[in-house]
Amino acid sequence: MDTKTNPMLAFIVVLLCLFLESRISFAADTITANQSLSGDQTVVSGDFELGFFELDGRHYIGTWYSRRVVSANTIVWVANREKPISDRFSAVLKIKDGNVVLFNEAKTPVWSTHLTSTTTSASVQAVLLDSGNLVLRAHSSSSEFLWQSFHHPAHTWLPGAKVAFNNITNQTQILTSWKNSRNPAPGLYSLEVDPNGSNSFILLWNRSKQYWTSGSWNASSNIFSLSPEMRLNYVYNYSFVSNENGSYFTYSLYDPKKVSPFMMSVSGQIQQLIWFTPSRPSKIFWSLPRQQCAVHLICGAFGSCNEKSGVLCNCLMGFKQKSPRDWALQDYSGGCQRKTNLQCGNSTSVIGTKYQFLEMHSMSMSENELHVKVGSAKKCESICLNNCSCTAYAYESSNACSIWIGDLLGVQELVADDAGGRTLYIRLAASELMHLQNGKGDADKRPLIIAMVSAAAELLMIIFCYFLWKKRLGKRRTQRRKYGATKINYGAGSGKNDTELPLFGLKSILNTINNFSEANKLGEGGFGPVYKGILLENQEVAIKRLSKKSGQGHEEFMNELNLIAKLHHTSLVRLLGCCIEEEELILIYEFMHHRSLDKLLFGISSFLLRLIL
Ligand SMILES: *[C@@H]1O[C@H](CO)[C@@H](O)[C@H](O)[C@H]1NC(C)=O
Ligand SMILES: *[C@@H]1O[C@H](CO)[C@@H](O)[C@H](O)[C@H]1NC(C)=O
Ligand SMILES: *[C@@H]1O[C@H](CO)[C@@H](O)[C@H](O)[C@H]1NC(C)=O
Ligand SMILES: *[C@@H]1O[C@H](CO)[C@@H](O)[C@H](O)[C@H]1NC(C)=O
Ligand SMILES: *[C@@H]1O[C@H](CO)[C@@H](O)[C@H](O)[C@H]1NC(C)=O
Ligand SMILES: *[C@@H]1O[C@H](CO)[C@@H](O)[C@H](O)[C@H]1NC(C)=O
Ligand SMILES: *[C@@H]1O[C@H](CO)[C@@H](O)[C@H](O)[C@H]1NC(C)=O
Ligand SMILES: *[C@@H]1O[C@H](CO)[C@@H](O)[C@H](O)[C@H]1NC(C)=O
Ligand SMILES: *[C@@H]1O[C@H](CO)[C@@H](O)[C@H](O)[C@H]1NC(C)=O
Ligand SMILES: *[C@@H]1O[C@H](CO)[C@@H](O)[C@H](O)[C@H]1NC(C)=O
């Protein structure tokens, strides 16, 4: 057969050759001096695979769990974190002068192991070990490593690797978060060993500000004094070594078949992940610090952190995201900026000076508080008003006047009855404030604004409940009875933080609404009745029972979700949990007094729910 006469066949043959070449040349775990890695070629060892991967058009060399172990793309190490290349097919990774070097499309080295080598490069080889450690050794029988990726970790800590501090060279081996969920460049958060000799882990912001400590390691009881969850001694076997040369933590898994690494997340928490099966998303065993809002400056300047609403970061009213693109990738550190600039010190715009502060309740603000001694709220206000760089004040009782200069940092919204909550007055342009107040309209909308938590997050919960329900309906297994509320995890591995949604027992629901009695009924929407009930801790709740008939297919459901995703201005009351038992799908909402309740439950959300169900 003459391939020249058949261009199509020739093309297929070439493709096949390329494919075979790329797959065959590296069935091994080693790159020798006469080999190079390019395009889709990988080296494989144990549970790991090393090669090029792509994120939004940027290409990196890295290591990931092989698809056999974790089917989702799970990167555990990145070589050229800060120096992506634009085309993996014209870039190569190879041994050059005793180093592993990455050459970009212009044949310029962009990343290297940077050894001042004394060995002849002909025998030097790079080997991916079963542990996921990429090592460089002088020759194939050498047991000494010239260089190893475990000494240069990215955001993942694999079993056998060390988080270390070298007391001789002052060098550290630390985990650094990614910049955002799509960019492996080093972010602001890192996990380190406390160099001060306290035998603990610390989390640092920008390598400088400590915002969490594990507490010191107690070698006799194998426990960190402040973070008992890290013990979990049926999974991890920690060890801590400290001497005059330095100190390090390392760990192994009691069951080496378990897939459970540590990761420093984009959101500034250290997390233990676990995969139970390759195809299912990972679960988060624990995240530390426990409070996401305890992560230093997680929401940036003029951003406000909310632990409870389902949306972690929001801009303060009158502010907008500085970089919506970064926010969408879970990097909130850029914070927010004013929608309307202050006209401070501009004598031509004196209108409405008395409206220059927006009152916000149940807030806390951890950074840069200045205490001023004045005797009244009016004086406190005027001190702030008369200083153009003053952006907020708070006045509690006599002589307790606080002002903030410049950017507002570490702002947190607390729940209404939180003892740590205080009322902040935030300086806004008069026109912005008028705009906000006009926007509020009649008084009845206020609870609605409070309830305007992320529609997306609430929807996720509903969708989660829905899927769980469908699954159970499918299985029709005998249900375990649940009496109180059990917490279940969802969302792990989806990029968003693991949030807990309580799953209520049907029995406790039936009790509180007298077995769906008419007396407890608030009304009926197009797709199911709503009841009022009282749950644990005397919390008033609205209970929505979804009708049993739900003949929709999976595809229609997904289409409708897409539609909902496009409806941006939606709002729902806070969803407290759901109950999925015996063919019932019941959603439990916070009860809102006033008319807003039926507006929400029969109005907007019913519209959304009708779309879903
Ligand atoms: C590459 O080098 C190794 C030893 O360094 C040698 O055994 C092997 O035959 C070489 N392969 C090719 C294709 O030259
Ligand atoms: C390491 O740091 C200590 C204290 O900060 C300093 O005294 C010492 O000289 C440093 N050593 C090196 C090798 O930089
Ligand atoms: C270590 O101690 C020094 C001085 O005692 C202190 O300045 C520094 O902040 C400490 N570092 C950490 C990370 O605690
Ligand atoms: C982090 O620290 C460096 C100096 O160590 C500083 O230049 C940089 O601006 C800091 N980054 C942020 C976001 O504050
Ligand atoms: C370490 O743990 C043991 C046993 O729980 C306890 O008796 C001891 O006081 C602890 N040591 C420190 C320094 O906390
Ligand atoms: C735990 O780790 C230590 C140090 O690496 C090791 O000596 C010990 O055998 C391990 N224990 C188990 C049960 O694997
Ligand atoms: C680290 O080295 C310094 C001298 O450079 C020494 O004074 C200190 O005790 C060492 N730290 C530990 C934990 O041994
Ligand atoms: C510390 O390092 C020195 C020099 O490398 C070595 O001789 C010594 O044994 C080390 N000490 C410990 C406790 O490992
Ligand atoms: C002062 O305010 C006026 C009217 O709002 C505006 O035109 C002018 O640019 C402002 N001047 C400064 C210095 O901000
Ligand atoms: C505003 O207050 C800060 C802090 O008290 C002070 O440093 C600054 O000089 C003041 N600015 C003016 C214009 O008064």
Side-chain angles (χ1 to χ4, degrees), residues 45-48 63 65 69 76-77 113-119 127-138 142-153 156-175 191-203 210 212-264 270-276 283 285-286 288-290:
S45 179
D47 292 346
F48 299 94
T63 310
Y65 280 111
V69 181
V76 296
W77 180 71
T113 49
H114 282 305
L115 295 173
T116 41
S117 181
T118 52
T119 47
V127 185
L128 183 64
L129 304 181
D130 284 359
S131 58
N133 196 4
L134 176 69
V135 303
L136 195 62
R137 56 190 187 192
S142 168
S143 61
E144 221 170 273
F145 304 149
L146 305 171
W147 178 94
Q148 52 180 310
S149 63
F150 272 12
H151 284 176
H152 305 269
T156 307
W157 185 15
L158 293 171
K162 292 170 184 168
V163 172
F165 174 71
N166 185 327
N167 197 32
I168 313 274
T169 60
N170 286 347
Q171 276 175 348
T172 52
Q173 263 159 248
I174 65 174
L175 302 189
L191 175 83
E192 317 197 353
V193 170
D194 189 349
N196 283 5
S198 67
N199 301 356
S200 52
F201 285 120
I202 51 173
L203 288 179
Q210 179 183 327
W212 177 84
T213 173
S214 65
S216 56
W217 174 249
N218 182 333
S220 61
S221 55
N222 283 0
I223 196 169
F224 292 96
S225 59
L226 301 179
S227 31
E229 50 267 78
M230 287 187 88
R231 185 183 183 198
L232 282 178
N233 56 10
Y234 56 94
V235 181
Y236 285 167
N237 178 14
Y238 291 98
S239 23
F240 178 67
V241 175
S242 180
N243 57 45
E244 73 268 24
N245 292 344
S247 47
Y248 65 84
F249 280 102
T250 187
Y251 75 97
S252 56
L253 297 170
Y254 287 116
D255 175 3
K257 284 201 208 74
K258 276 212 168 73
V259 183
S260 184
F262 272 101
M263 269 185 202
M264 186 68 224
I270 181 78
Q271 299 177 330
Q272 184 196 349
L273 306 182
I274 190 156
W275 279 266
F276 290 108
K283 286 260 174 211
F285 254 25
W286 44 254
L288 292 165
R290 275 158 233 151

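All ligand and atom numbering here is 1-based and tracks the order in the structure. Count residues from 1 along the sequence.
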So the atoms of ligand 8 within less than 4.0 Å of a heavy atom of N245 turn out to be 1 (C), 2 (O), 3 (C), 8 (C), 10 (C), 11 (N), 12 (C), 14 (O)
List every atom of ligand 8 that sits less than 4.0 Å from any heavy atom of E244, numbering the atoms from 1 in the order shown and giving each element. 11 (N), 13 (C)
Can F48 and W77 be said to form a side chain to side chain contact (heavy atoms under 4.5 Å, CB included), step by step? CA-CA 10 Å; F48 299 94; W77 180 71; over 6 Å; no
For S220, the ligand 5 atoms with a heavy-atom partner under 4.0 Å come out as 1 (C), 2 (O), 3 (C)
Per-atom contacts, ligand 5 versus S221 - under 4.0 Å to a heavy atom: 1 (C), 2 (O), 4 (C), 5 (O)
Which of these passes side-chain hydrogen bond (donor to acceptor under 3.5 Å, both in side chains) with S45: T63, D130, N133? D130
Do the ring planes of F224 and F249 sit parallel (below 30°), tilted (30 to 60°) or perpendicular (above 60°)? tilted
What orientation do F262 and Y238 show, parallel under 30°, tilted 30 to 60°, or perpendicular over 60°? tilted
What does the list of residues with a heavy atom under 4.0 Å from ligand 6 look like, ordered by chain and number? N237, S239, Y254
Does Q171 offer a backbone N or O that forms a donor-acceptor pair with the side chain of T169 under 3.5 Å? yes
Which pair of non-hydrogen atoms, one from E244 and one from N167, has the smallest distance, and what is that distance? O-ND2, 3.1 Å
Give me the one residue out of F150, Y248, Y236, F201 that meets ring-ring contact (aromatic ring centres under 6.0 Å, His included) with W157. F201
If the condition is side chain to side chain donor-acceptor pair (under 3.5 Å), which residues does S260 pass it with, not counting sequence neighbours? Q272
